[in-house]
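Small disclaimer: the values here were computed from a predicted structure and weren't measured. Within every chain, numbering begins at 1; the chains are lettered A, B, ... in the order of the sequence lines, protein sequences first and strands thereafter.
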Amino acid sequence: MQIYNTMTRKKEELIPVHPGRINMYACGPTVYNFFHIGNARPFIVFDTLRRYLEYRGYQVTFVQNFTDIDDKMIRRANEEGITVKELGERFIKEYYTDADALGIKRASNNPRATGHIGDIIRLVETLIEKGHAYATPDGDVYFSVRSFPGYGKLSGQSIDDLESGARIDPTEQKRDPLDFALWKAQKPGEPAWESPWGMGRPGWHIECSAMSMSILGETFDIHAGGQDLVFPHHENEIAQSEAATGKPFANYWMHNGYINVNNQKMSKSLNNFFTVRDIAKEFDLEAVRLFMLGAQYRNPVNFSRDLIEQATAALARLRTAQERLAQAQTGAETPEDADFMRELDGYKTAFCAAMDDDLNTADALGVLFDLARACNTFVSEPRGKEAVQAARKLYDELTGVLGLIVQKKEEEFPAQAVDLLEQRQQARAAKDWARADAIRDALKDMGYTVEDTKQGPKLKKL
RNA sequence: GGCGCCAUAGCCAAGCGGUAAGGCAGAGGUCUGCAAAACCUUCACCCCCGGUUCAAUUCCGGGUGGCGCCUCCA
């Protein structure tokens with residue numbers, strides 16, 4: 001499989017540290033609020049990568065953290081009048097609600113920053129010992145950027161260009177404007193932990209270094225996140241981690257593009273963001289997932305209601321094909337069955353080729369729609385059991401890799417609707433078309449459509 | 001100023017040297033009591049100008065337009 005590596009700025013063959021295993025880390029949410037669909041993109045994209053790697057037989061350890069202590073957490077907790085811990089607990093729970101609805105598999109491990117304070121302190125101590133960090137009289141600890149020669153290698157920035165743009169906060173006691181905080185001394189009212197430098201809390205960047213290395217080892221395969229994390233977050237992670245261990249940190253760096261609204265980045269200040277929770281009130285979140293996978297993950301995509309509606313229609317097509325496969329009639333085997341099964345292999349190969357090419361889900365989705373058409377055609381008449389089952393298996397596999405239509409919902413309909421449907425059948429049997437159509441209209445008003453199929457009428461939610 | 005990304009049909013979006021996947025929407029048809037779904041058919045001078053090449057949407061140079069990072073941010 002080829003993966004675009006931000007570090008080298010080209011696609012590279014994915015070669016794991018340990019054959020057959022992939023250790024990957026994705027930067028997760030700061031749990032101070034519901035997450036918006038911009039946040040959702042990396043969750044969905046890297047979940048899909050994880051699913052695909054597993055499909056290809058890798059044993060994957062997928063770690064995604066929760067940042068549950070930082071400035072935003074503290075500010076929000078104060079606004080709400082609750083503790084930072086309570087705030088974190090709440091939005092971790094809310095995260096899972098939305099993530100589950102988006103078809104995101106639970107990570108192998110969801111470490112919390114506050115659960116790794118010991119690892120963080122040890123890492124900071126190491127950095128001080130090796131001369132890469134220094135404590136100030138106030139009890140802050142800073143990383144000395146100029147002590148790490150490779151600084152800037154991920155973002156392609158030269159240290160001197162950065163220097164010219166850097167500002168220094170007069171309250172900070174940095175030796176160099178580029179230096180960043182590893183440990184922050186406690187301010188009144190803030191949560192704090194004991195450390196060799198007094199009471200305080202970790203800086204943002206060090207959390208990810210400590211969590212990833214303590215779980216995945218000093219060198220692991222893939223580190224992923226949003227494009228905006230390239231600098232400074234990931235650059236700083238590399239500096240801290242490699243300065244401490246003297247070993248390469250992550251071998252592949254993957255970054256997803258943004259979700260935009262009207263071609264502008266979604267952001268709080270522009271007030272143009274949509275939370276996943278709000279979208280869920282109106283749309284099936286699986287459509288949001290399909291929407292995200294409809295573009296290559298590195299490209300920016302615009303978000304709009306119209307696009308989610310388009311995705312909803314496309315998703316319905318995939319679902320219909322699945323239902324038709326599930327209900328397909330089997331019959332005598334024919335030579336065409338064998339041809340069709342060979343055709344199935346072709347779809348699988350094409351799907352994998354697309355995914356192998358830096359997770360080209362848009363292309364893979366194209367293959368999936370081709371497969372859906374082929375299956376729809378194939379099962380339009382009774383077919384040999386073996387071929388039908390092979391089709392079902394492949395269809396479920398490929399949709400499963402994309403995390404789409406994995407949960408087959410057996411819809412519950414109100415008794416009244418079921419009753420009307422029955423009455424309509426009686427009217428149709430009596431060829432009372434006017435009455436049948438009137439009932440269909442009544443059902444439509446209730447929010448259901450009815451489709452007459454060979455297996456009888458079917459209700460569907462509008 | 002430094003670093004980087006993008007420009008393909010009405011709307012999305014792959015392809016990235018050999019003459020344009022797929023989805024949504026639209027049009028015509030098959031099926032259907034009528035619909036729906038499904039299936040068939042149909043719908044693109046690939047932002048502009050140069051260059052390289054037998055051949056460029058695809059590579060190179062220059063424009064034009066849009067966006068991002070350099071400050072918390074997926």
Does the side chain of [X] get closer than 4.0 angstrom to OP1 or OP2 of [N] through an N or O atom?
X	N	result
A:R319	B:rA37	no
A:R75	B:rC72	no
A:K265	B:rC69	yes
A:R440	B:rA36	no
A:R317	B:rC39	yes

Suppose you measure atom [atom1] in [N] against the same atom in [M]; what distance do you get, rounded to whole Å?
N	M	atom1	answer
B:rA13	B:rA20	C1'	13 Å
B:rU64	B:rC72	P	33 Å
B:rU57	B:rG18	P	11 Å
B:rG2	B:rG63	P	14 Å
B:rA44	B:rC60	P	29 Å
B:rC6	B:rC16	P	14 Å
B:rC11	B:rG26	P	15 Å
B:rG62	B:rG28	C1'	46 Å

Classify the nucleic acid contact of [X] as base, sugar-phosphate or nothing, counting any heavy atom under 4.0 Å across all strands shown.
X	answer
A:V450	base
A:R428	base
A:G257	base
A:G38	base
A:I259	base
A:N263	sugar-phosphate
A:N299	sugar-phosphate
A:N256	base
A:N376	sugar-phosphate
A:Y258	base
A:Q296	sugar-phosphate
A:K72	sugar-phosphate
A:S380	nothing
A:R424	base

With both distances kept under 3.5 Å, what pairs with [N], Watson-Crick or G-U wobble?
N	answer
B:rC72	none
B:rC5	B:rG66
B:rG50	B:rC60
B:rG17	none
B:rG33	none
B:rA27	B:rU41

Check this for me: does any side-chain nitrogen of one of [X] and [Y] sit under 4.0 Å from a carboxylate oxygen of the other?
X	Y	answer
A:R298	A:D358	yes
A:D452	A:R428	yes
A:K348	A:D345	no
A:R289	A:D47	yes
A:E286	A:R319	yes

(request) Would you mind telling me which residue lines up with the more 5' stretch of RNA chain B, A:V230 or A:T449, judged by nearest nucleotide? (result) A:T449
(message) Go nucleotide by nucleotide along RNA chain B from the 5' end; which of A:T453 and A:A313 gets its closest nucleotide reached first?
(response) A:A313
Atom [atom1] of [X] to atom [atom2] of [N]: distance rounded to whole Å?
X	N	atom1	atom2	answer
A:L421	B:rA36	CG	P	18 Å
A:L459	B:rA35	CG	C1'	15 Å
A:D358	B:rA14	CG	C1'	13 Å
A:I308	B:rA13	CD1	P	12 Å
A:N262	B:rG68	CG	C1'	16 Å
A:L365	B:rC24	CG	P	11 Å
A:K11	B:rC5	NZ	C1'	15 Å
A:F369	B:rA13	CZ	P	15 Å

If you go through the side-chain atoms of [X], does one of them form a donor-acceptor pair with the base of [N] closer than 3.5 Å?
X	N	answer
A:D437	B:rG33	yes
A:N302	B:rC11	no
A:Q310	B:rC11	yes

Would you mind telling me which of [options] lies closest to the side-chain atoms of [X]?
X	options	result
A:A362	B:rA14, B:rC11, B:rC24	B:rA14
A:T320	B:rA37, B:rG22, B:rC69	B:rA37
A:Q227	B:rA74, B:rA36, B:rG68	B:rG68
A:A295	B:rA74, B:rC11, B:rA13	B:rA13
A:D228	B:rC12, B:rC69, B:rA14	B:rC69

If you count the non-hydrogen atoms of other residues, nucleotides and ligands that lie under 6.0 Å from [atom1] in [X], is the total more than 12?
X	atom1	result
A:K458	NZ	yes
A:N262	CG	no
A:Q416	CD	no

(request) Give a yes or no on whether the ring-centroid distance for A:Y96 and A:F66 is below 6.0 angstrom. (result)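 Ring centres of A:F66 and A:Y96 closer than 6.0 Å.
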(request) Determine if A:W433 stacks with B:rG33; use a centre-to-centre distance below 5.5 Å and an interplanar angle below 30° as the criteria. (result) yes
(message) Quick check: closest heavy atoms across A:I92 and A:V31, and the distance to 0.1 Å?
(response)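 Looking at all heavy atoms of both residues, the shortest contact is CG1-CG1, 3.7 Å.
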